[in-house]
Every structure is written in C-alpha cells, then in structure tokens.
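First the structure, in the form of structure tokens, and then the observations on it.
Note that this is a predicted model, so its numbers are computed, not measured. Chain naming here is simple, since letters A, B, ... match the order of the sequence lines and numbering starts at 1 in each.
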Amino acid sequence: MNLRDVDDALDVADEVVPVDAPPQAAIAPQPSQNHSLKHSLLGPSLTKAGQDAVDQKKVAEIIYDASKGSKFFDNEEVKDRTLTVKIERILKQKAQLEKLDLKSDLRRADDYITSLELSRDLSQYVVHIDCDAFYAAVEEIDRPELRNVPMAVGQGVLTTCNYEARKYGCRSAMAGFVAKKLCPQLVCLPLNFDKYTAKAKEVRAILAEYDPRFESSSIDEAYVNITEYCDTHHIDPDAAVEQLRKEVHEKCKITISAGIAPNAKLAKICSNKNKPNGQFRIPNDRAAVISFISALPVRKVNGVGRVFERELDAIGIRTCGDIYAQRAYLHRLFGEKAFQFLMQTHLGLGRTIVQPAEEYERKSVGTESTFRDISNKNELREKLRHTAEELEKDMARVEVKGRTLVLKVKLHTYEVFTRQVAPPRAVHLADDLYNFSLPMLTKLEKDMPDFRLRLMGLRCTHLISTRKDKPNFFRQRSSNAKSADQENGEWEVWPDSEFEEAARQERQQEFDELERLSQEQPDFDPQSSTADWHEPFGRYKYGSEPNSPVARAGHLRNEGAANNKSGAEQEQQWDCPICQLPQPANDRDFNGHIDLCLSRQTIKEAVAEARPDPLRASPDVLSVSAPGLPKPRLSTKRKASASTGVKSGLSNTAANGRKQKKLFFT
DNA sequence: GCGGATCAC
DNA sequence: TATGGTGATCCGC
C-alpha cells in the first residue's frame, strides 16, 4: 500500500487544507478531515508492513477522533502543516528546474548509475531474519491462552502486539488508550526484558551455526550471510533458510520470517514479504532484482519514512521504478546523499557486508524521560540533577567521557529544543553533567515565555574512553544494563564497550595523552591527529553503519558514513574503483578523479552502449559487463564480500597496509 | 559546530 | 486521563 492508496482510503469529501498557510496557522482549529495528517497519525508501521486486513479508513477515523483536541494532536498538526509548506516549496523549485537545461544533471545521474552498475555484486546470499511479533510471541509461550486473543506488550505505548490485535488496527508505537479504543478487549502486558533477552540468545545460537559472523541489528532482527554455509553444505539458499527457520521454531518455539537476497537492503525488504512465519527470496540475478525493485513502493525501503515518502510522492515517485524518470532533479531537490541513496535504491543495490554489531563504534550516550508537566524552577533543577545521575551511570557502564554535552527539553506543547556545550574538560560525573548543563537550562527558562516541560534529556557526544585496564574479551559483561539491548552479547544493538576497547588497546596511552591535551585545549580533536585510528587487529570498518543498513537518518537516506574523516586520511591513498590506481586521500581530489575516470572515452563508450534507450518502457537493461572496462576489484574477504559504490567508507586493507577508499553501497 | 528534523527499532 | 527512549545522521545556517 502506498501513500496514494491511503489517501484514497481516507477520501471522505474533505476540505482542502490551504498549503500556503504558515505553520503558526495550525494553532487555529483545523478542518476536521485532513488526509496527510490522518495518514501520519496512522503511524509508521502502516506502510512498512502491510495491514491489509484492516479497514484503514475506519481505523484512521478512530485514531483521529481519539487524538483530537490533545496537545499531541495539535503538534502533529503543526508538523503536518510545515511539511505541506515544505512540499509546496519543493514543487515550485522543481517547476523552476524544468525550465532549465538539465543535461549535465542528467549525464551526472547516468554516469553515476553506470559506475554503480559496474560494481554490482551478486555473489552473496544475504539473509535478513525478523522474529514475528517478538515480545508478544515470547509472552505467548508462557501464556498460550493469549494466543487467540488480542494482546499487546507495553502499557503507555504499545511496544508490539500479536497478530490478533493487529486485526483491529493496533500496532507498535501506538498510545495504549488509542489501542483500547480500537480494541476494548485488548490485553496489555508489562515489558519483561529479561525474558526477551533470554529468548533472543536462544535464537542467535542457531544463527551462529549458519554464520558465525552474523550481525544483530536489534533484539529481534539479524543479518546472516549464508554464502559459505550453502557452499560447504551443498544446499541452496531457500532450503538452508527453510531449515534455519524450522530449527528456530522447534528449539525456540517462536516463528521467524526471512528475506534472502544478494544484499542486505533487499533482504530486509524481503523478510516483510511473507510475514509472519514465511520467507521470500530474490535470486542473485540482475533481472530479478530489477523487476522486484521496480514495482516496490519507496516507503518499503529502509530510510524512507513518512516525510520522505510524501516529498517523493509530490514529485511523482511512488515506486522505486519511478525514481529513474526523475533522476535529473533529485540532486538539486534533495541533496547529494539523497541522490545517491535513491540511485542505489532504484538499482536494487545495497551492502553485501555482514559483520558483528560489536564492530560498530558508539558515538553518543544519553538518557531522557517524560513526566507530568513541570514549570517550577526547583523541580526542574531536581529533574536535571536526576537526569545527570542517570547519565553518569550509563557513561560508567560504557566507560566513556564526553567532550560535548547536549541538553534536550520538550515543552508541554511537544516542541523540542536542544542546546549543547563543550565543557573545558571531558565530563562523565553527575556533578559536572549537572553544572555544565544548568546554564543551558536556565537560559531556556529565561527565553521561553511558557516554560513547562514534559521531557528532559542529557546526552554526551565526542566520546573518549575511560577504560584503563587491559582489555579482556572473556571478561564478564556488566549485567545491570538498563535495557535488554544493551545487556546481551551478540544480539545487542550496540557493542559492549570492552569489545571496542579491546580492539583499541594499543591506543590507550595515546588516548590518555590526548585526553590530557583535550583538557588543556578544549578544541583539540583526538581523532584528527591520531595516525592510525582504526583496526589495530586488522578488522574492517566500513564507516558508521550501525543498526540498520540504510542509515537511520532522516535526511541521510543513505548508508555508511558521510563524515568518516580520520586524520589518517591525510597520509593515505585510496584506490580508484575504476582504474585501480591509488589517488590522493581526500574527498575532493578523490571524487574529482572519479569524475575524470568516468568521463574517459572507454567509460563513455560503455555508457553509450549501456545507457538504456530513453524511449523504451523499461529503462533498466544495463549490461553488467561493459566491454573494455576493468572489473572493480573486490575484496576476497569472506568470498568477495565487497563493497562498491560511491559512499566514502574508509577501510583499512590489511593486505596492502594502506587505507583504501572503498566504494560501497551500504 | 549548532540546532532542528528525520528515521529505525 | 491521555502519545516512549536511544542512537545516528543529514541539512541549513
């Protein structure tokens, strides 16, 4: 189901919402019926995983009525209005662009497509595993009588619900009282993280049989590369995954859904295809990939949320196939990152690397909490104090200090503000956290006319390790983590710091020295002066690509790190993916070289030869092997795992001992 | 570098 | 009666 379908479903002879009204106008009462707002209120899980059995129109009306009049609702209306205005601006901008000569934009897009196509890797079998209604399923093991009644886990806000409850339109992230309106007999259970964690551990033990380097992306999701398993066991991917799912079902008593595809992005989409308790495969075949992706609504792709969906819809992009026709506009309308992301999405490309979550690096740690509205100054200080103490605990747990401190507040109106400060020294103790954030709070207090808060949070970024002892891989992990995600080994979203730190032991002294320096010079940046920041053990880093392959960022819409600037880059060289020759290791020069490389005659011929005939209905018939072109060199690690693409991920290739700028799609 | 916004789970 | 918490990253300034 795409946005259009939803709008059709919601079509009830509405008044038209004026698009040119300023956001502030939303404070005034709105027409009772508003397509996009209702769509928004339906929640994010609607279009990701289909809820086709439910009467969406009715559900939308109930949610709308239940929410109407609340401050939450008012704020949603403001956001909806703001987005409508923004989309108007995009449309105007596009109309302007249509008058211009976009030949160079078009060529740029086509050249990029060609370079992407040249690097396509179809050698891997990547599986995405997704446990069906995980928390609810675990609860049902202990209480089978709940299996056939609508049930949800989580009280204030539903964390998940079983399929029985979904028939009524209930879903995760929905407010409890709204869910009860949809389904009065809904049973709500409290969260029991220990139970889910234990079950997740059972499941991951099975995944490890198929791929010891599988990657958990959350407590109930994982990526497994079964290429090698299929090879050594002489089994095809479908059968291997059938077997894996059967094994999980029998041993763990829960069902899982799986997607099998040549890369992680497609696998993730596939796992939703036959949910629950099913699997779906896209063969490792370009034509199959293209035919699958072409008809796929963009909303199904990780990284396209409700906002981007509406923006794309406005310029005529609803499916991934629609992207191609708009390729000349994307860069100017949405920026470089979104352009690359959309081009890669259109071609069905994604990362083929699967690696343990431990190998990703934490960049911030924070805590926040919601409470009844508070405006009293002393009470607010108490809240800040409490928040600081909570953060100290968290920072002790992951053994870091922060060089930047961020205060977040949410007003009673649901408006969010953040303020940050760089204390003269790295901080982690509650006293420091409190003292350095208090001025930010008091200033906000002073500046805001009606400073009533419903939420307060503190976060530290620019982290510095405080670990002093020798790393020990077998050390007992701390068990007092606040959430299951942080508590458990291979399933956790974020690596335990000792794992990261183990890999950094050789930098410890350097760390200490840098920290000392940072305390003397607040602006000093350890990362920009550390010669070889990554991989003392030759491990790979592919930029920051944490839990989810497609960057979990609104505007990122891309995978991997954009700002993976290491000081090491300056002395390093990167290999050009086209000509294979080493190039200066900085983004500008490197990209410049790639442009040059791409514009060479051989490439031009390839482009001309491979470029789809614009008059043809299906533009996606690029020949993979362009004659006369060198094949991109692929890493042989884990069977040509590699990566290509044009994202600037930096990895340390142990073989040649120098940094290689890898191109990858992740 | 900062603050707002978006996205995922 | 009343709509979460944690973390990442992008964009515009």
Side-chain angles (χ1 to χ4, degrees), chain A residues 41 43-45 48 63 66-76 79 82-83 86 130 134-135 154-160 172-181 191 216-221 268 299 301-311 334-338 341 360-373 390-391 394 398 404 406-408 410 414-422 440 454-455 457-463 481-483 485-486 493-494 523 525 543-564:
Chain A
L41 287 167
S45 57
K48 282 297 186 195
I63 297 175
S67 304
K68 204 161 39 184
S70 66
K71 290 176 185 172
F72 174 81
F73 178 92
D74 291 344
N75 185 253
E76 290 298 304
K79 286 196 293 191
T82 307
L83 178 57
K86 182 178 168 195
D130 196 335
F134 185 57
Y135 294 177
Q155 288 120 331
V157 170
L158 308 193
T159 301
T160 190
S172 62
M174 179 179 277
F177 75 94
V178 174
K180 289 272 189 183
K181 280 232 162 84
L191 286 159
S216 327
S217 48
S218 73
I219 191 166
D220 68 336
E221 290 185 20
K268 166 82 176 157
R299 184 64 168 89
V301 181
N302 243 14
V304 179
R306 286 176 287 179
V307 171
F308 201 21
E309 177 191 31
R310 273 190 65 189
E311 293 173 5
F334 301 115
E336 174 72 13
K337 294 294 174 186
F341 168 76
Y360 295 106
E361 186 180 9
R362 175 192 282 273
K363 295 187 174 59
S364 76
V365 46
T367 180
E368 66 188 59
S369 63
T370 298
F371 36 78
R372 60 166 177 77
D373 291 0
E390 290 298 306
L391 183 54
D394 292 344
V398 295
T404 303
V406 187
L407 173 72
K408 172 180 174 180
K410 194 190 280 181
Y414 288 84
E415 290 171 282
V416 174
F417 297 92
T418 64
R419 292 292 181 269
Q420 61 178 326
V421 68
M440 296 190 281
R454 74 181 334 270
L455 173 143
L458 281 177
R459 175 168 299 274
C460 279
T461 63
H462 298 112
L463 302 181
K482 61 156 63 170
S483 83
D485 282 5
Q486 298 168 338
V493 182
W494 291 106
D523 288 331
D525 180 2
S544 62
E545 191 202 340
N547 308 347
S548 139
V550 172
R552 16 191 352 134
H555 281 88
L556 174 51
R557 299 158 188 158
N558 204 338
E559 305 191 36
N563 280 325
N564 198 350

Counting side-chain heavy atoms from CB outward, which of [options] is closest to [X]?
| X | options | answer |
| --- | --- | --- |
| A:Gln420 | C:dC10, C:dG4, B:dG3 | B:dG3 |
| A:Val307 | C:dT6, B:dC9, B:dC7 | B:dC7 |
| A:Ala175 | C:dT3, C:dT6, B:dA8 | C:dT3 |
| A:Lys181 | C:dA8, C:dT3, C:dA2 | C:dA2 |
| A:Arg459 | C:dT6, C:dA8, C:dC11 | C:dT6 |
| A:Phe72 | C:dG7, C:dT3, B:dC9 | C:dT3 |
| A:Ser364 | C:dG7, C:dG4, B:dC9 | C:dG7 |
| A:Ala173 | C:dG4, C:dA2, C:dT6 | C:dG4 |
| A:Ser67 | C:dC11, C:dT3, C:dG4 | C:dT3 |

Tell me whether the side-chain N/O atoms of [X] come closer than 4.0 Å to OP1 or OP2 in [N].
| X | N | answer |
| --- | --- | --- |
| A:Arg419 | B:dC2 | no |
| A:Arg454 | C:dG4 | yes |
| A:Arg362 | C:dG7 | yes |
| A:Asn75 | C:dT3 | no |
| A:Thr418 | B:dG4 | yes |
| A:Thr367 | C:dT6 | yes |

Q: Mind telling me whether A:Phe308 and A:Phe334 have parallel, tilted or perpendicular rings, with 30° and 60° as the class edges?
A: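 Because their plane-to-plane angle is over 60°, the rings of A:Phe334 and A:Phe308 count as perpendicular.
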
Regarding [X], tell me which of base, sugar-phosphate or nothing describes its non-hydrogen contacts under 4.0 Å with the strands shown.
| X | result |
| --- | --- |
| A:Val406 | nothing |
| A:Arg372 | nothing |
| A:Ala66 | nothing |

(Q) Quick one, A:Phe134 with A:Thr160, criterion side chain to side chain contact (heavy atoms under 4.5 Å, CB included). Give me CA distance, side-chain angles, the key distance, then yes/no. (A) CA-CA 8 Å; A:Phe134 185 57; A:Thr160 190; over 6 Å; no

(Q) side chain to side chain contact (heavy atoms under 4.5 Å, CB included), that's the test. Do A:Val406 and A:Met440 meet it? Break it down for me. (A) CA-CA 9 Å; A:Val406 187; A:Met440 296 190 281; over 6 Å; no

To the nearest angstrom, how far is [X] atom [atom1] from [N] atom [atom2]?
| X | N | atom1 | atom2 | answer |
| --- | --- | --- | --- | --- |
| A:Glu311 | B:dC7 | CD | C1' | 13 Å |
| A:Lys71 | C:dT1 | NZ | C1' | 13 Å |
| A:Glu309 | B:dT6 | CD | P | 14 Å |
| A:Lys79 | B:dC7 | NZ | C1' | 12 Å |
| A:Lys86 | C:dC10 | NZ | C1' | 10 Å |
| A:Phe341 | C:dA8 | CZ | C1' | 15 Å |
| A:Phe308 | B:dA8 | CZ | P | 11 Å |
| A:Tyr414 | C:dG4 | OH | C1' | 10 Å |

Q. Within a strict 4.5 Å, meaning less than it, do heavy atoms of the A:Glu361 and A:Leu463 side chains meet?
A.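 With C-beta onward as the side chain, the pair stays apart.
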
Q. Start at the 5' end of DNA chain C and walk down; is the nucleotide closest to A:Lys408 or to A:Gly176 reached first?
A.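 The answer here is A:Gly176.
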
Q: Measure across A:Ala66 and A:Val178 and return the closest heavy-atom pair with its distance rounded to 0.1 Å.
A: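 Of all heavy-atom pairs spanning A:Ala66 and A:Val178, the closest is CB-CG2, 4.2 Å.
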
Q: Return the minimal non-hydrogen interatomic distance between A:Glu368 and A:Leu455, and the atom names on each side.
A: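 Looking at all heavy atoms of both residues, the shortest contact is OE2-CD1, 3.6 Å.
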
Q) With rounding to whole Å, what would you report as the distance between B:dC7 and C:dG4 at their C1' atoms? A)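 Nearest-Å result for B:dC7 against C:dG4 at atom C1': 15 Å.
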
**Q.** Ion pair A:Lys79/A:Glu76, N-O distance below 4.0 Å
**A.**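 Looking at A:Glu76 together with A:Lys79, the answer is yes, because their closest N to O distance falls below 4.0 Å.
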
